[in-house]
Amino acid sequence: MAEASENMYQSLLDQISAFERTIEDVEVGYVLEVGDGIARVTGMDNIRFSELVQFENGVAGIAFNLERDNVGIIIMGNYDDIKEGDEVRPLGRIASVPVGMGLVGRVVDALGNPLDGKGPIQFSEYYNIERIAPGVMERESVNRPVQTGIMAIDAMIPIGRGQRELIIGDRQTGKTTIAIDTIINQKGQDMYCIYVAIGKRKGEVARIRALLEEYGAMDYTTIVVASASDPAAMNYIAPYAGCAIGEWFMENGKDALVIYDDLSKHAWAYRQVSLLMRRPPGREAYPGDVFYLHSRLLERAAQLSKERGGGSLTALPVIETLLGDVSAFVPTNVISITDGQIYLESDLFYAGQRPALNVGISVSRVGGAAQTKAMKKVAGGMRLDLAQFRALAAFAQFGSDLDKSTQRQLDRGMRLNELLKQGQYTPIPLADQVAVIFAGTNGYLDDVPVDRVKQWQHDFTRAFQSQYAELRNKIQTTKALDDDTVEALKKALKEFNENWS
């Protein structure tokens, strides 16, 4: 007993003698004033721009304004119980998000915290949300397609991997639908998708998530959410966070697609925090650097060179216009940054043309280089036919006496317009698109009544997938139309039309 006490006594002595007092040197600040989602903090002389800080109640913030005698911090959560005099500690890292395969299939907030109730995210590294875009020498030209499954887009406004293609239009014209369709069509295409919801209602985000799960698209998709009820600061950093998540895939030799839905609300959030920080307002009360706000985000989309791994990041930003005004401040800014735009028109939408694509204004500046040979061969004539149809349709309103060639062009244009109508969440495979467009542009639909064109398309697609499966598989795998394939396609269309009624 005495020996046990002696040993315990000696053990305690050893522990006491081995104890070393450590002093941690931490720079802390104190809240000068707080309100409306921002705080001014004094005593942080060495803080860096965009560095994360933590308030006493555990809420995070980002250093946004570095002034001579105080730091302006945007608060990333509830600020009701932050008060004057509270201690603020820097976290020692720039605003960043976890990246890696652990985020695939997850729903996260703008700081990478899980929102889906599936437990913590498995990750091995952080990426800063603000990163420098790849330089010119690190890139190569866009040369591979992103198949959206939407015939009007794949045929006439093709998108390439590494491109930035704007989706623009008034509210309720189908902008989000095009984005969701594109994600659904990436199944089996070796493309990881990041959907960034900015300023959307939580119910709408839940509906989008349920849709993606229904079609099996969450297996390769990450959703980044900054909802309408979140602070403006979260809406401001969400696109950068989504971009950083996508950049990890790009820099590891993979292909990623990031959708910013939408950047109008992003600009509003930035305007809000900037005005609260008393930054000088400019046109439409936006701060002077609102162009840089989006250019530094969208420039990060790229097709990397083979030396950098050959990965790509494709950006599909969404902009909402007011009464079709594409000349407003933010729309013109984003149009000038991107490589083309998909313009959706309310009048076409209400007239039943869905997707409500205005083919005249919509353009892809680099996607043609990435378009498959088969699609390039059949779709060139389609764009020309539709352009002639639009010109003739406007002219034909003023007179009824039209010669036969003019009437034939009008009839063909009406059938092509019918072909381009497509339902929600029904992407069309490449081979089916090529065959149907070939039929439309080469006169195989000229004898089909306009109101039965969709029925013809449905029936022919079924026959093409069963009776002519070998021809279809050849087009799907080679992505080209040689002379033999063209002859076989003509024969198939002729046989089908003879038996179809």
Side-chain angles (χ1 to χ4, degrees), residues 133 142 144-150 152-154 156-169 173-187 189 191-200 205 208 211-212 217 220-226 238-247 249-250 254-267 294-295 297-303 311-321 326 330-331 333-344 355-357 361-367 370-371 424-425 427:
V142 173
R144 295 174 299 144
V146 174
Q147 295 292 340
T148 65
I150 302 165
I153 293 173
D154 289 344
M156 294 179 290
I157 315 148
I159 302 168
R161 297 192 179 201
Q163 190 177 343
R164 301 153 303 177
E165 183 79 9
L166 172 64
I167 302 171
I168 183 168
T173 50
K175 301 184 298 296
T176 301
T177 301
I178 284 181
I180 299 303
D181 273 346
T182 305
I183 292 176
I184 290 169
N185 197 54
Q186 299 317 306
K187 195 168 192 174
Q189 307 258 11
M191 175 87 86
Y192 294 93
C193 303
I194 298 97
Y195 178 80
V196 186
I198 309 161
K200 288 195 172 296
V205 177
I208 289 168
L211 257 174
L212 294 176
Y220 49 85
T221 303
T222 304
I223 298 178
V224 180
V225 181
Y240 301 104
C243 190
I245 292 167
E247 277 177 322
F249 294 107
M250 175 176 74
K254 305 175 196 299
D255 295 310
L257 169 74
V258 61
I259 291 159
Y260 308 111
D261 191 7
D262 65 273
L263 290 188
S264 304
K265 293 188 179 75
H266 180 229
H294 290 147
S295 67
L297 170 71
L298 296 170
E299 280 297 321
R300 287 158 68 177
Q303 167 65 61
S312 72
L313 180 63
T314 309
L316 292 182
V318 177
I319 285 284
E320 185 177 295
T321 55
V326 292
V330 172
N333 277 351
V334 182
I335 286 170
S336 66
I337 297 163
T338 48
D339 307 312
Q341 66 274 349
I342 295 166
Y343 181 61
L344 303 174
L357 204 66
I361 299 176
S362 301
V363 65
S364 174
R365 297 193 183 99
V366 297
Q371 204 170 18
Q424 284 183 317
Y425 321 127

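Starting from 1, each residue takes its place in the sequence as its number.
Minimum interatomic distance between E247 and R300 (heavy atoms only, all atoms of both residues): OE1-NH2, 2.9 Å. Here the closest heavy-atom approach between residue M250 and residue A302 is recorded as SD-O, 3.7 Å. For the residue pair R365 and G340, the shortest heavy atom distance occurs at NH1-N, 3.1 Å. In plain terms, the two heavy atoms of G160 and Q163 that are nearest each other are N-OE1, 2.8 Å. Contact record, G149 with N185: N-ND2, 3.1 Å, taken as the closest heavy-atom pair. Among all heavy-atom pairs drawn from A238 and V224, the shortest one is O-CG1, 4.1 Å.
With sequence neighbours excluded, no residue forms a salt bridge (charged side-chain N to carboxylate O under 4.0 Å, His left out) with E165. N333 is linked by a side-chain hydrogen bond (donor to acceptor under 3.5 Å, both in side chains) to nothing, counting only residues two or more places apart in sequence or in another chain.
Using a 4.5 Å heavy-atom threshold, the side chains of D262 and I198 count as separate. Taking the side chain as every heavy atom from C-beta outward, Y195 and T222 never approach each other to under 4.5 Å. A heavy-atom distance below 4.5 Å is not found between the side chains of D339 and S364. Side-chain atoms of I342 and I168, non-hydrogen and from C-beta on, never get closer than 4.5 Å to each other. Side chains of P427 and I150 form no contact here, defined as non-hydrogen atoms less than 4.5 Å apart. Considering only heavy atoms from C-beta on, F249 stays 4.5 Å or farther from L313 through its side chain. No side-chain heavy atom of V196 sits less than 4.5 Å from a side-chain heavy atom of I259. By the 4.5 Å heavy-atom criterion applied to side chains, I157 and V363 are not counted as neighbours.
Atoms OG and NZ, from S264 and K175 in turn, are 8.0 Å apart once rounded to the nearest 0.5 Å. Here the straight-line distance linking atom CG of L212 with atom CD1 of I223 works out to 5.0 Å at 0.5 Å rounding. Atoms CD1 and CZ, on I159 and R164 in that order, are 13.0 Å from each other to the nearest 0.5 Å. To the nearest 0.5 Å, the span separating CG on L211 from CG on D181 amounts to 9.5 Å. Distance check: E299 CD to T338 OG1 gives 10.5 Å after rounding to the nearest 0.5 Å. The CD1 atom of I167 sits 7.5 Å away from the CG atom of L344 when rounded to the nearest 0.5 Å.
A donor-acceptor contact under 3.5 angstrom links the side chains of T148 and D154, judged on distance only. Checked by atom type, the side-chain pair T177/Q424 shows a donor-acceptor distance below 3.5 Å.
A donor-acceptor pair under 3.5 Å links the side-chain atoms of T221 to the main chain of A217, judged by distance alone. Judged by distance alone, with hydrogens and angles left aside, the side-chain atoms of Q186 form a donor-acceptor pair with the main-chain N or O of T182 at under 3.5 Å. Panel note: side chain S362, backbone Y343; a donor-acceptor pair is recorded below 3.5 Å. A donor-acceptor pair under 3.5 Å is absent between the side-chain atoms of R161 and the main chain of S312, judged by distance alone.
Between Y260 and H294, the distance separating the two ring centers is not shorter than 6.0 angstrom. For Y220 and Y192, the ring centers sit 6.0 Å or farther from each other.
Using a 4.0 Å cut-off between charged side-chain N and carboxylate O, K200 and D261 make a salt bridge. Comment: R144 engages D255 in a salt bridge, judged by a side-chain N to carboxylate O separation of less than 4.0 angstrom.
For the pairing with V330, the side-chain contact (heavy atoms from CB on, under 4.5 Å) check across I319, L263, I335 returns one residue only, I319.
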Side chain to side chain contact (heavy atoms under 4.5 Å, CB included) for I208 and I180? Distances and angles first, verdict last. CA-CA 8 Å; I208 289 168; I180 299 303; 3.5 Å; yes

